[in-house]
Protein chains: 2
Amino acid sequence: MGVSLRDVALLAGVSVKTVSNVVNGYAHVSPATRAKVERALSQLDYRPNLSARNLRLGRTGVIALALPELDAPYFAELSRFVIDAAAEQRWLVVIEQTDGSLRRERQVLDGVRDHRVDGVILSPVSIGAEELAARTDDAALVLLGERIYDGPADHVAIDNVRAARDVTEHLIGLGRRRIAALGAQDNSISGTAPLRLAGYAEAMAAHGLPQTIAEVERYRRAEGAAAMARLLAAPEAPDAVFCFNDLLALGAMRTILAAGLRVPEDVALAGLDDIEDGRYSTPTLTTVAPDKAQLARIAVDLLRARLDGRAAGPPREVRADYRLVVRESTAGRVRG
Amino acid sequence: MGVSLRDVALLAGVSVKTVSNVVNGYAHVSPATRAKVERALSQLDYRPNLSARNLRLGRTGVIALALPELDAPYFAELSRFVIDAAAEQRWLVVIEQTDGSLRRERQVLDGVRDHRVDGVILSPVSIGAEELAARTDDAALVLLGERIYDGPADHVAIDNVRAARDVTEHLIGLGRRRIAALGAQDNSISGTAPLRLAGYAEAMAAHGLPQTIAEVERYRRAEGAAAMARLLAAPEAPDAVFCFNDLLALGAMRTILAAGLRVPEDVALAGLDDIEDGRYSTPTLTTVAPDKAQLARIAVDLLRARLDGRAAGPPREVRADYRLVVRESTAGRVRG
DNA sequence: CTGAAAGCGCTTACAG
DNA sequence: CTGAAAGCGCTTACAG
């Protein structure tokens with residue numbers, strides 16, 4: 001294959017153990033021996049075989065990041081931070097796309113048992129809390145960004161209810177009264193949709209305002225555009241819409257503008273995720289910005305704690321920060 | 001660790017070799033033995049230890065996909081297809097972000113020598129053809145989406161010169177005359193910028209039109225917005241702009257609209273990449289759509305051929321398909 | 001401070 | 001058709 005410890009040991013005239021000691025930076029190696037070994041190491045350009053090390057150590061040095069779809073900007077941006085945070089632990093990150101399907105979410109979890117990855121950071125859509133809680137393997141698992149109740153595993157997310165309430169209050173504060181929620185979902189067991197809907201409903205109820213709810217299957221632009229068309233066709237069209245993510249909002253924006261209406265004059269629009277697209281759309285998009293770097297870092301830290309065996313206790317529940325970012329789609333335009 | 005072949009063999013009352021034969025689906029196992037083994041297999045819920053198999057086979061079953069940044073939509077969309085194509089080979093894909101830096105591009109290549117991955121699909125920015133050609137390790141490597149001359153490795157990309165010419169011809173055909181190119185780069189050794197610039201220049205020269213060139217450092221929205229502001233401030237503002245990718249175009253669009261000008265009436269705009277954002281912007285964005293699924297599949301196929309040892313010959317150069325997609329940013333709006 | 005040896009779990013000639 | 005055994009390259013008690 002390549003150069004092995006044995007080759008280096010032979011050349012340096014020492015044992016394999018000694019070479020291993022030097023490679024792994026252990027103390028108690030005499031300077032003379034160390035120098036000899038290091039000369040041989042560089043002469044042969046030795047690189048440890050990670051497969052062998054992993055077999056011996058029972059680790060792969062690889063973690064899986066499982067998310068519905070990599071090409072949704074929110075997940076792509078989040079992945080970037082997860083990969084960076086993992087790199088600091090010298091972990092490689094394998095990306096697995098579940099499409100939100102139960103079968104594939106289960107498959108990802110099995111990857112740990114196949115010794116392909118040491119642990120999994122999962123952004124769950126379909127898998128239920130009971131199933132996760134019933135898992136017998138002790139695979140390191142961190143749930144990211146969705147809310148599964150009863151903590152079957154470590155979990156990090158923003159407070160979705162509060163964030164949704166903040167957005168809705170912002171729209172109400174602008175004087176809007178016919179405020180629709182776009183993005184409710186029927187099929188989501190563990191998703192955020194019910195939480196965001198709850199936050200919206202809380203705020204609307206607190207002000208005695210009627211609720212209008214538009215459902216979608218998936219959080220993509222096309223669905224936002226279609227749902228918005230349905231809202232506009234209704235007898236009482238909304239004067240503001242809180243979309244449950246930015247992609248839905250950008251799709252909705254397209255529909256509104258293409259219909260010859262103005263944003264925000266006719267319809268104010270807010271999203272959630274703070275993807276880059278919304279910072280350059282016209283008008284720019286008001287949104288909730290989760291601290292993605294923080295989310296990623298916490299997820300990696302939680303996983304590391306489990307893998308180190310430092311945390312053997314009950315699942316931990318961590319909240320990440322977010323902030324409301326008001327832009328033109330609700331506040332109106334400023335000519336540049 | 002877990003259940004090993006030995007455990008299964010003990011329970012089934014056969015040798016390890018026989019269990020291995022069954023697990024790997026080899027022929028010539030008597031039905032009776034096979035049944036016995038399979039019973040033991042499922043009783044113990046055996047899962048092969050991939051680390052051990054990999055050590056033995058000298059393979060990891062993992063490939064690296066190295067690209068500048070995952071959160072650029074083009075790369076996120078491409079990654080999705082690469083992961084899917086790799087999954088069909090039962091490969092896992094580790095994503096590495098180079099930020100276009102030479103150091104990190106080199107690091108990725110070293111990953112093969114560390115036996116962390118079997119091969120690499122690299123979207124190069126900084127690394128030069130000479131350096132790649134000078135590599136002594138025989139790591140499987142496929143170059144994706146950029147043009148490096150003299151084929152130091154297998155390579156797949158669209159014909160960037162021709163695509164750029166097509167876009168420019170389209171703008172000329174619309175009657176535009178002051179057509180600027182936005183996205184030229186100074187620092188790119190291996191990048192596509194010179195190729196796209198060449199295509200633009202060819203078309204402009206063919207029609208005797210003057211060339212205007214705006215440079216950027218990186219292909220992001222912010223840079224497109226800033227470069228467009230510079231173009232608008234010039235004495236002869238352009239009536240059309242060919243941006244070297246869609247992100248630049250979307251940034252430029254923001255600047256034009258924020259300045260109170262119209263797209264395409266005042267300035268027509270075209271990009272390249274066909275990212276989803278451009279299909280929902282207002283106006284929608286004219287662009288070149290590379291066949292991303294095809295690019296990904298070819299890249300994976302090229303890598304597989306190298307790893308199988310089927311292809312030991314000289315590097316292969318493959319062209320992927322693309323098409324010009326005319327939308328509102330050049331053709332004008334249709335009210336919905 | 002250093003060495004000889006076992007063993008992680010798998011695959012694969014080599015016998016029979 | 002099946003088995004006993006070697007070996008992939010590493011780490012780690014166990015001696016000395």
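So that the names make sense, note that chain A is the first sequence line, chain B the second, and so on, each numbered from 1. Only a predicted model underlies this, so the values are computations on that prediction, with no experimental measurement involved. Below, each value reflects all heavy atoms present in this structure, side chains not excepted, and no hydrogens, waters or symmetry copies.
- Nearest nucleotide to the side chain of A:S30, out of C:dC1, D:dT2, D:dC10: C:dC1.
- Atom-to-atom, CG of A:L5 to P of D:dC8 comes out at 13 Å; the value is rounded to the nearest Å.
- The existence of a salt bridge linking B:R220 and B:D71 is confirmed by a sub-4.0 Å separation between a basic side-chain nitrogen and an acidic carboxylate oxygen.
- Near-neighbour residues of DNA chain C inside residues 6-17 of chain B, defined by a heavy atom below 4.0 Å, number-ordered: B:V16, B:K17.
- When all heavy atoms of A:L65 and A:S79 are compared, the closest pair comes out as CD2-OG, 3.6 Å.
- In this structure, the CG atom of A:N54 is 10 Å from the C1' atom of D:dC10, given to the nearest Å.
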Notebook entry, point to check: Dot-bracket for DNA chain D, 5' to 3', with Watson-Crick and G-U pairs under 3.5 Å, [ ] for crossing pairs and | for other-strand pairs: what is it?
Noted result: |||.||||||||.|||
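- For the residue pair A:S101/A:T98, the side-chain donor-acceptor check at 3.5 Å is not satisfied.
- Within the 4.5 Å cutoff, the side chain of B:L11 has heavy atoms near those of the B:L44 side chain.
- Atom CZ of A:R319 is separated from atom CD1 of A:I158 by 9.0 Å, given to the nearest 0.5 angstrom.
- Going from atom CG of B:N49 over to atom C1' of D:dC8 covers 13 Å, rounded to whole Å.
- Here the nucleotide nearest the side chain of B:S4, chosen from D:dC10, D:dC1, C:dG9, is C:dG9.
- With rounding to the nearest 0.5 angstrom, the CG atom of A:L67 is 9.0 Å from the CD atom of A:E69.
- Atom CG of B:L55 is separated from atom C1' of C:dC8 by 9 Å (rounded to the nearest Å).
- When distances are taken from the side chain of A:S20 to each of C:dT11, C:dG9, D:dT11, the shortest belongs to D:dT11.
- Comparing atom distances between the A:L57 side chain and each of C:dC8, D:dT11, D:dC1 picks out D:dT11 as nearest.
- With salt bridges taken as basic N to acidic carboxylate O contacts below 4.0 Å, none links B:R90 and B:E88.
- The closest donor-acceptor contact from the side chain of B:Q97 to the backbone of B:P68 lies at 3.5 Å or more, if one exists at all.
- For A:N21, taking side-chain heavy atoms from C-beta onward, the closest of the listed nucleotides C:dT2, D:dG3, C:dT11 is C:dT2.
- The distance between atom CZ of A:R53 and atom C1' of D:dT12, rounded to the nearest whole Å, is 14 Å.
- Closest contact between the side chain of B:R56 and the listed nucleotides C:dT12, C:dT2, D:dC1 involves C:dT12.
- The CG atom of A:L50 sits 15 Å away from the C1' atom of C:dC8 (whole-angstrom rounding).
- The CZ-C1' distance, from A:R47 to D:dG9, rounds to 16 Å in whole Å.
- Within the 3.5 Å criterion, the main-chain N or O of B:S51 finds a donor-acceptor partner in the side chain of B:N49.
- Considering only side-chain atoms of B:A52, the nucleotide from D:dC10, C:dC10, D:dG3 that sits closest is C:dC10.
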